[in-house]
Amino acid sequence: MTKIQTSFEESVDRIQEGDTLIVGGFGLCGIPEKAIQALAQKGTKNLTVVSNNCGINDWGLGLLLENKQINKMVASYVGENKIFEEQYLSGELEVELVPQGTLAERIRAGGAGIPGFYTPTGVGTPIAEGKEHKVIGGRQCILEEAIQGDAALVKAWKGDAYGNLIYRKTARNFNPLAAAAGKFTIAEVEELVDVGELDPDFIHTPSLYVQHLLVGTSYEKRIERKTVQQV
Amino acid sequence: MSSQRENIIQRAVKEVEDGTIVNLGIGMPTMIANYIPAEKNIFLHSENGLLGIGPYPAEEDVDADLINAGKETVTVKQGGSFFDNAESFAMIRGGHIDLAILGGMEVSGEGDLANWMIPGKMVKGMGGAMDIVQGAQKVVIIMTHTNKEGESKIRTECALPLTGEKVVDRLITDMAVFDFTPSGMVLREVLNGADVKTVEQYTEASFIIDEALTDREGKQ
């Protein structure tokens with residue numbers, strides 16, 4: 001029943017060339033930094049990566065970009081990364097920009113078995129081009145399809161051997177959605193606790209969504225924009 | 001900060017009513033938070049999964065796990081909550097956000113908004129803007145009235161790709177306040193020493209002048 005694994009290198013072996021990979025995190029907050037590093041080391045190529053952002057030049061998903069492991073990126077905002085810009089402009093990298101709420105809901109739907117949904121988000125914009133339109137309740141909507149991942153990489157604060165997870169503050173972001181939408185979910189945690197220690201009332205990701213659980217050590221948790229109170 | 005931006009922010013903060021849920025866009029809108037009077041009890045929503053943004057932290061309280069949508073380190077206000085991104089946008093699309101204040105590149109006389117891409121330039125992405133303009137109860141756009149070349153950013157039709165069609169409720173610039181109504185764009189206020197004539201001169205889109213405003217101007 002235990003899902004505990006000890007090697008990130010072996011865990012990311014589950015990810016094959018050409019896979020669609022959903023990765024949790026918002027900016028650099030709550031990213032699965034250990035699994036990304038292991039995947040960069042492994043060098044698995046031709047990946048489609050679904051994640052809100054694409055890291056920065058030398059950290060997070062930026063490491064996979066640097067190695068040219070990503071063929072296609074599905075994201076809502078990619079403005080923080082120079083390598084991204086170069087690969088996009090040279091045509092090496094395919095990009096699908098998705099409104100953030102639509103991206104979150106497409107991943108949620110993927111995990112929840114909903115093939116698609118209608119939303120007013122993006123109507124009248126370039127995002128709506130080529131999509132089915134339908135008026136519902138007097139409101140023009142477009143059809144958006146669910147996203148499922150061959151695998152998902154997520155980062156939590158605490159987890160147990162069964163794979164129950166609790167996230168911390170805004171590091172939750174896309175992680176629970178990614179966990180549910182990945183056919184094979186690799187979760188990394190800062191702290192492994194005994195089964196029974198997490199209060200069932202406060203579990204964010206129930207165990208069944210997680211296939212591998214690993215404990216990461218010495219997290220860097222880089223900050224993109226450190227802002228402090230002016231004194 | 002330029003006085004132009006300062007003036008826009010000073011006017012925009014008056015939109016924030018006591019006891020409401022407000023989402024502030026990245027950049028100039030985020031700065032509005034610093035001007036909200038302490039006696040107003042506002043919950044600021046951040047689309048990455050936080051309701052109740054507090055002030056920036058003291059140096060020793062900086063927490064990498066606690067950021068706003070602009071990826072700045074923040075704190076959480078008492079009574080605040082954290083949630084995932086799907087829930088965050090359920091709040092937005094579900095109409096649970098009273099007011100959103102966002103920046104703009106162009107606004108049309110019909111209330112269309114363009115604020116996410118300039119063709120030919122590297123596209124960074126729309127983030128949550130397209131969802132927010134569709135879902136918030138009231139959408140207020142703040143921007144300078146003209147671009148660097150002195151041309152009107154309030155256009156008969158937006159030239160830039162849209163963020164949303166007919167989504168703007170109110171537009172605040174350094175010169176004027178407009179509302180978008182079923183009968184068209186209405187000039188409600190002139191600001192910072194501008195008069196109706198100047199506003200007309202720098203506004204490409206046609207607009208109706210609020211009668212109350214005509215009365216006030218007439219008395220001057």
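Order of the sequence lines fixes the chain letters, A, B, ..., with proteins taken first and strands second; residue numbering starts at 1 for each chain.
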Q: Examine whether an atom of Arg106(A) lies under 4.5 Å from a heavy atom of chain B, and if so say whether it belongs to the side chain, the backbone or both; otherwise answer neither.
A: neither
Q: Would you mind checking which part of Val98(A) comes under 4.5 Å of any heavy atom in chain B, side chain (CB onward), backbone (N, CA, C, O), both or neither?
A: backbone
Q: Find the distance between CZ (Phe174(A)) and OG (Ser88(B)) and round it off to the nearest 0.5 Å.
A: 9.0 Å
Q: With a 4.5 angstrom heavy-atom cut-off, is it the side chain or the backbone of Ile127(A) that approaches chain B, or both, or neither?
A: side chain
Q: If you take all heavy atoms of Gly164(B) and Thr125(A), which pair is closest and at what distance?
A: N-CG2, 4.0 Å
Q: Strictly by modelled atom types, are Asn85(B) and Gln100(A) linked by a side-chain donor-acceptor pair under 3.5 Å?
A: yes
Q: Under 4.0 Å between a Lys/Arg side-chain N and an Asp/Glu carboxylate O for Asp65(B) and Arg172(A)?
A: no
Q: If I measure from the heavy atoms of chain B, does Pro176(A) come under 4.5 Å with its side chain, its backbone, both, or neither?
A: side chain
Q: Write out, in numerical order, the residues from residues 70-81 of chain B with a heavy atom short of 4.5 Å from a heavy atom in chain A.
A: Gly70(B), Lys71(B), Glu72(B), Thr73(B)
Q: With a 4.5 angstrom heavy-atom cut-off, could you sort out which part of Tyr88(A) is near chain B: side chain, backbone, both or neither?
A: side chain
Q: With a 4.5 angstrom heavy-atom cut-off, which part of Asn175(A) approaches chain B: side chain, backbone, both or neither?
A: neither
Q: Under 4.5 Å, heavy atom to heavy atom, which residues of residues 113-127 of chain B contact chain A?
A: Trp116(B), Met122(B), Val123(B), Lys124(B), Gly125(B), Met126(B), Gly127(B)
Q: Can you give me the closest heavy-atom contact between Gln134(B) and Val123(A), atom names plus distance?
A: NE2-O, 4.4 Å
Q: If every non-hydrogen atom of Thr227(A) is compared with every non-hydrogen atom of Pro57(B), which pair is closest and at what distance?
A: O-CD, 3.3 Å
Q: If you round to the nearest 0.5 Å, how far is OH of Tyr56(B) from CZ of Arg225(A)?
A: 10.0 Å
Q: What part of Ile67(B) is in contact with chain A, defined as an atom under 4.5 angstrom from a non-hydrogen atom: side chain, backbone, both or neither?
A: both
Q: Can you give me the closest heavy-atom contact between Gly122(A) and Met130(B), atom names plus distance?
A: CA-SD, 4.0 Å
Q: Which atoms of Arg168(A) come close to chain B, meaning under 4.5 Å heavy atom to heavy atom: side chain ones, backbone ones, both, or neither?
A: both
Q: How long is the span from the CG atom in Asn34(B) to the CD atom in Gln230(A), to the nearest 0.5 Å?
A: 9.0 Å
Q: Listed by chain and number, what are the side chain to side chain donor-acceptor pair (under 3.5 Å) partners of Thr102(A), not counting sequence neighbours?
A: none
Q: So does Thr119(A) get a backbone contact from the side chain of Arg93(B), meaning a donor-acceptor N/O pair under 3.5 Å?
A: no
Q: As an exercise, state the distance from CZ of Phe82(B) to CG of Asn173(A), rounded to the nearest 0.5 Å.
A: 12.0 Å
Q: With a 4.5 angstrom heavy-atom cut-off, could you sort out which part of Glu87(B) is near chain A: side chain, backbone, both or neither?
A: neither
Q: With Asp84(B), which residues qualify under side chain to side chain donor-acceptor pair (under 3.5 Å), at least two apart?
A: none
Q: Rounded to the nearest 0.5 Å, what separates atom CD in Glu165(B) from atom CD in Gln140(A)?
A: 8.5 Å
Q: Closest approach of Ala64(B) and Ile223(A), non-hydrogen atoms and distance?
A: CB-CG1, 3.7 Å
